[in-house]
Protein chains: 6
Amino acid sequence: MPDLTKPVLLTGASGALGRQLTRALAAEGFSLRLTDILPFPDKLPANARFVKADLADGVAILREAEGVSSILHFGGVSTDLTFENVLGPNIRGLYHIYEAARREGARVVFASSNHSIGFHERTEKLDHDCDMRPDSYYGLSKAYGELMGRMYFDKHGIESVFLRIGSCFPEPVDARMLSTWLSYADLCRLVSACIRAPKVDCSVIWGASANSRGFWGKDARAKIGWQPEDSADGFAGQLGGKVSDNLVTERYQGGIYCAAEYSRPSPSPKDIFGA
Amino acid sequence: MPDLTKPVLLTGASGALGRQLTRALAAEGFSLRLTDILPFPDKLPANARFVKADLADGVAILREAEGVSSILHFGGVSTDLTFENVLGPNIRGLYHIYEAARREGARVVFASSNHSIGFHERTEKLDHDCDMRPDSYYGLSKAYGELMGRMYFDKHGIESVFLRIGSCFPEPVDARMLSTWLSYADLCRLVSACIRAPKVDCSVIWGASANSRGFWGKDARAKIGWQPEDSADGFAGQLGGKVSDNLVTERYQGGIYCAAEYSRPSPSPKDIFGA
Amino acid sequence: MPDLTKPVLLTGASGALGRQLTRALAAEGFSLRLTDILPFPDKLPANARFVKADLADGVAILREAEGVSSILHFGGVSTDLTFENVLGPNIRGLYHIYEAARREGARVVFASSNHSIGFHERTEKLDHDCDMRPDSYYGLSKAYGELMGRMYFDKHGIESVFLRIGSCFPEPVDARMLSTWLSYADLCRLVSACIRAPKVDCSVIWGASANSRGFWGKDARAKIGWQPEDSADGFAGQLGGKVSDNLVTERYQGGIYCAAEYSRPSPSPKDIFGA
Amino acid sequence: MPDLTKPVLLTGASGALGRQLTRALAAEGFSLRLTDILPFPDKLPANARFVKADLADGVAILREAEGVSSILHFGGVSTDLTFENVLGPNIRGLYHIYEAARREGARVVFASSNHSIGFHERTEKLDHDCDMRPDSYYGLSKAYGELMGRMYFDKHGIESVFLRIGSCFPEPVDARMLSTWLSYADLCRLVSACIRAPKVDCSVIWGASANSRGFWGKDARAKIGWQPEDSADGFAGQLGGKVSDNLVTERYQGGIYCAAEYSRPSPSPKDIFGA
Amino acid sequence: MPDLTKPVLLTGASGALGRQLTRALAAEGFSLRLTDILPFPDKLPANARFVKADLADGVAILREAEGVSSILHFGGVSTDLTFENVLGPNIRGLYHIYEAARREGARVVFASSNHSIGFHERTEKLDHDCDMRPDSYYGLSKAYGELMGRMYFDKHGIESVFLRIGSCFPEPVDARMLSTWLSYADLCRLVSACIRAPKVDCSVIWGASANSRGFWGKDARAKIGWQPEDSADGFAGQLGGKVSDNLVTERYQGGIYCAAEYSRPSPSPKDIFGA
Amino acid sequence: MPDLTKPVLLTGASGALGRQLTRALAAEGFSLRLTDILPFPDKLPANARFVKADLADGVAILREAEGVSSILHFGGVSTDLTFENVLGPNIRGLYHIYEAARREGARVVFASSNHSIGFHERTEKLDHDCDMRPDSYYGLSKAYGELMGRMYFDKHGIESVFLRIGSCFPEPVDARMLSTWLSYADLCRLVSACIRAPKVDCSVIWGASANSRGFWGKDARAKIGWQPEDSADGFAGQLGGKVSDNLVTERYQGGIYCAAEYSRPSPSPKDIFGA
């Protein structure tokens, strides 16, 4: 049972999602610790403090987390980059986040991504216990974070919610987002629910609004106490069709991340752990 | 279909398993490229060359792999260490191995570990498609490697066999190894089969001999064309009982790796992705 | 014989010369891979892709070079800086460029510099086989690159053209440039010729337009199939006289690079390898 | 004119040549500053002090050089290794050596190598002003050092002798050394002469004894005041024939360094700066 | 006795105080070497040169200091940051400054800070030989610099003046500055006096104008030949009262640096080296 | 009031003093956490665990300290080395130790050294509140540690005892040790007293046995509850005279550390903060 009187740490506070969450959580009355490697671009809410810190500086991150009840981990790189650019902020950064959570007995709400499962085909309806099939070094770092969260749960009882976020933007801007869009408002309600839920164990949430074209099925939303309220469906008229003529982009859930540098010699069915 | 006239690259050649493999594969007539961060302690077989290299030096690793048909990745740290000590050789090293494999169109035979799934209970009989539940930073690095292999298979068609090795020693030395032991001879036959199999896709093999007390079930051995020939069963008389009185050690497949620094507040059942 | 249907890699694409080359080579119909540590400031031509990468990240550079016929190496620092600032991008970067060329069997067109021979006196008319006499850490890195190119030619047959560029600017802006100026148009024609020439072996080109006051003589231009078409001569009226009153600046081909931190106790003739 | 009452700095003092030089120069009465990254294995002579230091630690090297008249630079890696292993000790180390020499107005005696010119054919008789044609990353680092020495001579008047050492061993052990052998006694006399010569400018010495089968011709020995006194000729009987059947090894002056990883597609004549 | 015809090195030249000093010292006719990690934002005075350099690059700093009579060390971070951000520029940087001073026999004028003694109470009147009681990682780095200066004085006779600067701004902006303010004009006169004084040994100066509310007493100003001419007293009307309601801020000389992350369990008197 | 049922962390456990302390404290019944960068060479006592860790790995050190009541900081380099070799283990290491202590509310017993005050003359009788006058980079790191301890006491109430150890060896081996010797038994009793004392505030102890020739006077031993029981006096017969003929060695308390590289131009009296 989280102690909601304690502050909440938000990494990546200066990013697009971090700024939304800062505003929403401050409005709910949470005391916030904000951190990012870039300056915070907005006026700081009351009850918030901001510290500029690098996720790779473990001792600084551990200090920033002292006394918090939850860590909302939205920091690190958020698009696909070269391996070396992902390694420091995302892989090493996750270790510091989980060590901080262990020290504090805090809950982690981790901004994972659909790119941790991007190589499932769009025709599959995935539940939360599907295999991970990352589609990029970025997606691999998210999958790594989920596995680290499992280990800290198994070994230390640290709770996590992995938000496999689809496409979180002001509004959907291409056909794929009719399936994957998560509205800012749904995101903020989701994160608030993750902080407040009495018990989350080690759970996955599909981070998408109530889109009738969605790729994803069962998850832990009942336990968290969240339901999306928005939907991409109203944008269907203006966003019909395909994102591109690239067959790989259109076939897999990860879209263009799957197609980037794709070099499979044949399009024949993949066989992972098959008969 | 691998071209068996091309050389095979073996990382970690100077370790215990690497030395066994060097001897066995040379005897089978393979041309070998050996590499390790430590000098090779034995007489080099004919048709083998050794280069001292750090898995973190990507350009050197890529060069060492030129022209090979398979990469047997047994390098990196092989016990649980601090996160920082695992990160360089294991995480960054895997990236270099898979980039090399992609350049060469080579197959990867990756010495993964039971510690990538160590937090499953011993009462479970695991098949190759079970969830990964790593028990240590070491186990996490192995799970990361398997996910990287999946991505290179999905995106580039690079084949992998993940050997989830149990306990590979001259003979079993404690009660747990009655379940997990892999004899040196079985290991060498397994790796040889992985190199020679016409097609391996992206497969898991449970790296254990034919132990009647084994934890593990279905895997890709039929596709690989391998069956263990040895068994720990003959050691049961002298190794009965438990490894320790620690309940965590005895409950989980990963044994003492699970118990190390275990701090779960309660022994109640874990709930990952449960109802 | 280069395969002109394959793409061409250009490093330093976001610099002044890189942008000129991008425009000119795209107009000639080449497929371009562009890279730089800074973003590309212009609209990308069709048939061009840009990847932000650090020349010190070898595995990324090797990947960027896959499948190219030529590498135009215009990246790295391009003025004299402290040794430490030159070492990474220029020295380590050259190694990655030549490893990439070896992997691809590609030709290297290397933006060397007159500063690799800057300590020859202006009264000498230099041919392509003159001694290297660098005038700065920057010039040393260019000389190092030429020697590396020779080694890759001798050992691996990798062809190179070393462009010992004088002063490549929109137009000459001081008296020395009446000797050293290379027009943008001449540069673009030169690089195009280097890419297209059937055979270049390991050659030097003096990178200057047809300036009657030029310092430089024989080189491989006949083999490359290039003649400068522009000349600084028309600017002689407005740029007469000296660059400065510094005797060192005026005496040596490298100009102010030679004079920077010059501390020779006496102006007596230098004796390198003399009788 | 060197001040012979001042101490002499010797880097690489713990290596085979360094130990010979330490003994010989101490016996001549020189005050010695010895440094190496490894401990000095012998009893320190009177008038010698040893400091363990890394050539990559510039401030420490500059301090060690305070007050010396000459720097004998025999440190760094002395065989061919991967590029990354050569870069730090040899390339960065040279910068620290030359900065130290500039600060002290000291003379540098640099243990260069025949591998800076190894790709000349054995049929050529080379003089000191021949082109550099390195045969390895190691040879490249030596060539770089010579060019750096030229720049410090041209710009700051710092004198250097580049010893292009052939094969310096207790006695010749293969056929190539009938051409390249330098006896320990000849080396020690040579280095002593380099320290004592009134004026050395920027000179090359071919570091070989008086071998009648030698590859090398004119150099600065008259200016230095040195003549070899030993010869490999007496070993010709027992060392006849070839080093190997490898044509590259036998054709080029650099021997097996040239042959290592040689991949030239055709054995046709090389053309560097040809007509 | 300093040789005032030699140039003066100023680090941190691009900062607020550095720019004031540059203008004032140039006007006095000093020849200036300016350096900073950021570009110099103003027009360079005659007789000044600027080099962009990192205080962590020791060989570059040593070179910049060649031939100077004094080093005015105003570089490094100047507010409290995380330990890792202070370590490089301030701790390592100080070593390079003192090594440079030793090489040149130069005097060091070090911009220390009141934060090296910030945990003394405001009711104490401190003399120059008071205990150091730093209040932050920043203050610790300044105290470390003073101790390093003592060692170089004791061991090598290098003279230092440690300026324990209070608050150096155009004018005082809060109540505490009525005690700690140092006017730009007083700073410039102070530094000039430090350069010119015949002998400074190893001295402390309290860097404050003639503020009647000042915290500080005896120091070496008579030896330096400096008296402040400005005073914060005229601002007392508009700046009365307290900086904050925080008792720690108001009790200690270091002000908000003391209060930042203050976590002493009880406000009882501290006991350092007490009876 | 320390909780003596909690474990005690000892860094530098594999060193000479660390091994003595391990044995003695285990015999007293303390539960021990041992750490060092080198393996522990002895049999581990019951109730002790050893982890190999680098003091520069902050997150690992913080983890090792979880739940301890005291940290005995005997790790880091323990003789004078180059600055760069001292910086990592000693300066950065101290930060990690104090952050760990703050997290745990633990007491720090810090193996400081007489070299933090080594430039006081032997004729002075020093009390605990004397000025620090370090004699080496090593001594500077110890002084830095004491200042860091003061800051953590002032700001966070973390208690420290700084043991300014003289010469801790099995027995005195030169004349200076007649003043500075600390017996192993006295050390072990001292450290035990530091752990057990109800309250230590921020204190200095002179780490010497009851030597009648001692340099040092008042300190906090009454508060700690410790008196030395051994004495160097019995060795005076065999160790009379001087350590060396070097006047600096003999004049200052730090002995040969003061004399190393001493270059003061004149032996005139030093003037730090004098009239």
Side-chain angles (χ1 to χ4, degrees), chain E residues 58 83-84 87 91-92 95-96 99 102 105 116 118-120 127-129 131-137 139-141 143-144 147-151 153-158 199 201-204 218-220 222-223 248 252 254 258-266 268 270-275, chain F residues 58 83-84 87 91-92 95-96 99 102 105 116 118-119 127-129 131-137 139-141 143-144 146-151 153-158 199 201-204 218-220 222-223 248 252 254 258-266 268 270-275:
Chain E
F83 175 86
E84 286 295 334
L87 184 68
I91 300 283
R92 183 178 274 123
Y95 166 61
H96 296 154
E99 273 295 277
R102 186 183 59 74
S116 66
F119 262 115
H120 286 282
D127 290 335
H128 53 164
D129 57 354
D131 279 349
M132 287 197 276
R133 297 185 78 157
D135 58 19
S136 52
Y137 300 123
L140 262 168
S141 77
Y144 179 82
L147 291 171
M148 184 172 266
R150 292 183 193 188
M151 184 182 88
F153 182 65
D154 281 338
K155 200 165 215 166
H156 306 295
I158 296 304
K199 187 162 179 298
D201 293 319
C202 184
S203 300
V204 166
K218 235 180 2 172
D219 66 12
K223 184 189 287 180
V248 174
Y252 295 106
C258 297
E261 311 199 63
Y262 188 89
S263 68
R264 238 184 182 269
S266 86
S268 68
K270 303 171 311 281
D271 189 0
I272 292 191
F273 311 152
Chain F
F83 175 86
E84 286 294 334
L87 184 67
I91 300 283
R92 184 178 272 124
Y95 165 61
H96 297 153
E99 274 294 278
R102 187 183 60 75
S116 66
F119 261 115
D127 291 334
H128 52 166
D129 57 355
D131 279 349
M132 289 198 274
R133 296 186 76 159
D135 58 20
S136 53
Y137 300 123
L140 262 168
S141 77
Y144 179 82
E146 294 195 15
L147 290 172
M148 184 173 265
R150 290 182 195 187
M151 184 181 89
F153 182 64
D154 281 339
K155 200 165 215 168
H156 307 294
I158 297 304
K199 187 162 178 300
D201 293 319
C202 184
S203 300
V204 167
K218 238 180 358 173
D219 67 11
K223 185 189 285 180
V248 175
Y252 295 106
C258 296
E261 309 197 62
Y262 188 89
S263 67
R264 231 178 188 275
S266 86
S268 67
K270 303 170 310 283
D271 189 0
I272 293 192
F273 312 153

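Proteins get letters first, then strands, A, B, ... in listed order; numbering begins at 1 in each. Hydrogens, waters and symmetry mates are skipped; everything else that's a heavy atom, side chains included, is used. All values reported here derive from a predicted model rather than from experimental measurement.
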Here the pair of heavy atoms bringing E/Glu261 nearest to F/His156 is O-CE1, 3.0 Å
Checked F/Glu146, F/Lys218, F/Arg92 vs chain E; the most non-hydrogen pairs under 4.5 Å come from F/Arg92
Looking only at F/Gly139, F/Cys258, F/Ala143, the option with the highest number of non-hydrogen pairs under 4.5 Å against chain E is F/Cys258
On a heavy-atom basis, the closest approach of F/Gly157 and E/Pro265 is CA-CD, 4.3 Å
Sorted by chain and residue number, the ring-ring contact (aromatic ring centres under 6.0 Å, His included) partners of F/Tyr137 (sequence neighbours excluded) come out as E/Tyr95, F/Phe83
F/Asp154 and E/Phe119 have their tightest heavy-atom pair at OD2-CB, 3.2 Å
With sequence neighbours left out, the residues meeting side-chain hydrogen bond (donor to acceptor under 3.5 Å, both in side chains) with E/Ser136 are none
Applying a strict 4.5 Å limit to non-hydrogen atoms, the region of F/Leu87 in contact with chain E is side chain
Correct closest heavy-atom pair for E/Ala260 and F/Lys155 would be O-CE, 2.7 Å
Looking only at heavy atoms, the pair that brings F/Ile272 and E/Phe153 closest together is CG1-CD2, 3.7 Å
If one checks every heavy atom of E/Asp135 against chain F at 4.5 Å, the contacting part turns out to be backbone
When the 4.5 angstrom heavy-atom criterion is applied to F/Ile91 and chain E, the contacting part is both
Nearest heavy-atom contact between E/Leu147 and F/Met132 is CD2-O, 3.8 Å
